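Predicted model, so just to flag it, every value in this text is computed and none were measured. These values consider heavy atoms only, across backbone and side chains, with no hydrogens, waters or symmetry-generated copies.
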Amino acid sequence: MKRRLISLFLLTMMVVCTQMGCAAATSEKKNTELGGESEDNIAGKKVGVCIYQFLDNFMALFKDELEERLVEQGVSEDNIEIVDSLNNQNTQVEQVRDFIQKGVDVLIVNPVNPARADEITDLAVEAGIPLVYVNREPDGDEEDRWVDGDYKVSYVGCDARQSGTFQGEIIESLGFDAVDLNGDGKIQYFMIEGDPENIDSQYRTEYSIRTLQDASWELECVGDEIGNWHQETARQLMAKALENDKDIEVVFCNNDAMALGALEAIEADDRKVGEDIYLVGVDALEEVIGYVLDGRMTGTVFNDYISQSHAAADTAINYIKREKVEHYVGCHYVKVTAKNAREILDKIKK
Ligand code: GAL
């Protein structure tokens with residue numbers, strides 16, 4: 001009897017061990033499929049980030065907020081590497097190669113040249129590393145490739161058409177007669193563009209004007225210049241334009257850094273925004289919101305780097321967790337005038 005009991009015990013143990021062995025093998029297989037580590041171990045995952053240029057004041061805000069969010073979501077600070085692509089496409093491609101070599105788990109790229117994003121996509125896809133583009137949207141054909149090829153590639157950002165439309169609406173809300181300072185029945189405007197290759201510049205330029213045309217405003221372009229998102233360049237362009245043309249009524253800048261440059265030139269020429277000229281930008285930099293509150297700038301458009309960077313970090317983490325990820329993750333701009341400037345200021349200062 002005793003011997004039979006022992007045999008039964010041994011048999012039960014064998015069955016249990018065999019099953020456990022199977023479970024262990026399954027879990028080992030699962031881990032191998034996942035690259036030897038559980039996808040829940042977010043802290044151990046490596047994130048490689050390329051920013052087109054740290055010098056850009058909007059991207060500097062975006063970068064810090066992105067890093068904070070990644071850490072908040074569990075990625076260890078030591079596993080996040082953020083590099084400055086110095087506005088050079090070749091440098092950026094090399095940085096991506098380097099990240100791939102180092103075995104990052106996900107890439108976040110603010111492309112130097114969105115029209116050449118395919119180079120970066122191909123590297124990431126070939127290496128099997130998910131990729132999240134931010135802020136500078138690659139073109140439609142490139143985005144179609146991600147869908148058709150079922151690539152683990154996404155874009156997180158806003159639709160720049162909305163920011164241009166909001167700039168136009170800020171001016172429209174003042175009323176034609178108030179803006180037509182010289183009373184000649186048309187609005188003389190000066191446009192300062194960012195980088196002409198960039199979709200944000202193209203759409204902001206087009207849609208700010210289109211909004212006023214759609215409202216049946218007659219417009220006259222007295223100049224359209226390239227400021228490359230840069231304050232000092234814009235200051236010089238504005239100074240020159242004011243020297244040549246005394247009748248500029250509205251200045252549209254594709255971003256706030258350039259609007260700050262334009263403001264310097266306007267004030268150096270003894271003109272007052274809101275009385276002698278109107279000025280709008282995009283981004284809602286803290287300094288600019290202050291000027292909107294003081295009436296030294298007509299308005300701006302909040303380029304919500306908080307929502308955008310959070311959505312970018314969350315998208316990257318969803319790729320790591322192998323959750324379903326959309327190829328396009330959109331965010332919204334917000335119009336900023338003296339009415340809501342305080343609210344936006346509180347939002348970015350908290
Ligand atoms: C825009 C932003 C600009 C500049 C640009 C860089 O969204 O408004 O200030 O940062 O991105 O691509």
Side-chain angles (χ1 to χ4, degrees), residues 33-54 56 58-85 92-93 95-112 114 117-138 142-143 145-147 149-159 303-332:
E33 276 168 2
L34 295 170
E37 228 183 316
S38 156
E39 73 260 41
D40 296 331
N41 175 19
I42 297 298
K45 299 295 178 182
K46 291 195 196 123
V47 185
V49 184
C50 293
I51 299 293
Y52 97 95
Q53 175 162 240
F54 284 3
D56 180 304
F58 174 74
M59 285 316 301
L61 294 170
F62 186 105
K63 167 177 86 67
D64 294 346
E65 191 72 31
L66 175 72
E67 184 170 16
E68 221 172 88
R69 178 67 170 194
L70 285 166
V71 171
E72 222 173 77
Q73 297 292 70
V75 183
S76 146
E77 220 172 317
D78 299 339
N79 287 334
I80 305 169
E81 193 178 346
I82 307 184
V83 294
D84 184 352
S85 301
Q92 185 162 75
V93 169
Q95 290 166 336
V96 168
R97 282 189 208 281
D98 188 47
F99 278 142
I100 291 173
Q101 193 108 47
K102 286 179 177 161
V104 295
D105 296 279
V106 65
L107 284 158
I108 299 177
V109 176
N110 168 219
V112 168
D118 57 331
E119 279 184 77
I120 290 169
T121 301
D122 288 345
L123 288 173
V125 169
E126 208 176 292
I129 298 173
L131 167 64
V132 181
Y133 285 111
V134 293
N135 170 259
R136 304 178 131 198
E137 188 173 358
E142 171 61 10
E143 291 184 347
R145 254 177 13 116
W146 314 340
V147 178
D150 201 17
Y151 294 168
K152 288 190 168 57
V153 182
S154 299
Y155 168 71
V156 178
C158 298
D159 180 345
N303 193 358
D304 188 348
Y305 63 91
I306 303 173
S307 305
Q308 288 172 64
S309 58
H310 290 195
D314 297 357
T315 302
I317 286 171
N318 286 342
Y319 268 127
I320 291 176
K321 288 184 173 167
R322 310 211 164 183
E323 282 172 8
K324 182 162 168 38
V325 178
E326 300 297 329
H327 290 291
Y328 185 92
V329 181
C331 301
H332 285 288

For the atom pair CD (Q95) and CD1 (I100), what is the distance rounded to the nearest 0.5 Å?
-> 12.0 Å
Contacts of L61 meeting side-chain contact (heavy atoms from CB on, under 4.5 Å) (sequence neighbours excluded), chain-then-number -> L285, Y305
Which is it for L70 and K45 under the side chain to side chain contact (heavy atoms under 4.5 Å, CB included) test, yes or no, and what are the steps along the way?
-> CA-CA 11 Å; L70 285 166; K45 299 295 178 182; over 6 Å; no
Between the main-chain N or O of L131 and the side-chain N or O of Y151, is there a donor-acceptor pair closer than 3.5 Å?
-> no
Go through the side-chain N and O atoms of D314 and Q73 and say whether any donor and acceptor fall under 3.5 Å apart.
-> yes
Donor-acceptor under 3.5 Å (N79 side chain, A43 main chain) = yes
Please assess D159 against E137 for the test side chain to side chain contact (heavy atoms under 4.5 Å, CB included), listing each intermediate value before the final yes or no.
-> CA-CA 9 Å; D159 180 345; E137 188 173 358; 5.8 Å; no
Closest non-hydrogen atom pair between L66 and A313, with its separation = CD1-N, 3.9 Å
Any donor-acceptor N/O pair, Y328 side chain to E143 backbone, under 3.5 Å | no
Side chains of C158 and D304: does their closest heavy-atom pair fall under 4.5 Å?
-> no
State, to 0.1 Å, how close Y133 and A117 come at their nearest heavy-atom pair, and which atoms those are.
-> OH-O, 2.8 Å
Could you tell me whether the side chain of E65 and the main chain of S309 form a donor-acceptor pair under 3.5 Å?
-> no
Residue pair I120 / Q92, side-chain heavy-atom distance below 4.5 Å | yes
Compare every heavy atom of W146 with every heavy atom of S154, then report the nearest pair and how far apart it is.
-> C-CZ3, 3.7 Å
Only residue of V132, I317, V106 satisfying side-chain contact (heavy atoms from CB on, under 4.5 Å) with V47 is V106
Under 3.5 Å, side chain of R136 to main-chain N/O of P114, donor-acceptor pair present?
-> no
Would you indicate whether the side-chain heavy atoms of K321 and I42 approach each other to under 4.5 Å?
-> yes
Assess whether side chain to side chain contact (heavy atoms under 4.5 Å, CB included) is satisfied between I129 and F99, documenting all intermediate values.
-> CA-CA 10 Å; I129 298 173; F99 278 142; over 6 Å; no
Backbone of Y52 reached by a side-chain donor or acceptor of N110 within 3.5 Å | yes
Could you tell me which non-hydrogen atom of V112 sits nearest to which non-hydrogen atom of S85, and how far apart they are?
-> CG2-CB, 3.7 Å
Minimal non-hydrogen separation, M59 against Q53, with atom names | CB-O, 4.1 Å
Let me see the working for D84 and K63 under salt bridge (charged side-chain N to carboxylate O under 4.0 Å, His left out), right down to the final yes or no.
-> CA-CA 10 Å; D84 184 352; K63 167 177 86 67; over 6 Å; no
Verify side chain to side chain contact (heavy atoms under 4.5 Å, CB included) between N303 and F62, making sure each step is shown before the conclusion.
-> CA-CA 10 Å; N303 193 358; F62 186 105; over 6 Å; no
Heavy atoms only: give me the nearest Q308-F58 pair and the separation to one decimal.
-> NE2-CZ, 4.4 Å
Counting heavy atoms not belonging to E126, are there more than 12 under 6.0 Å from its CD?
-> no
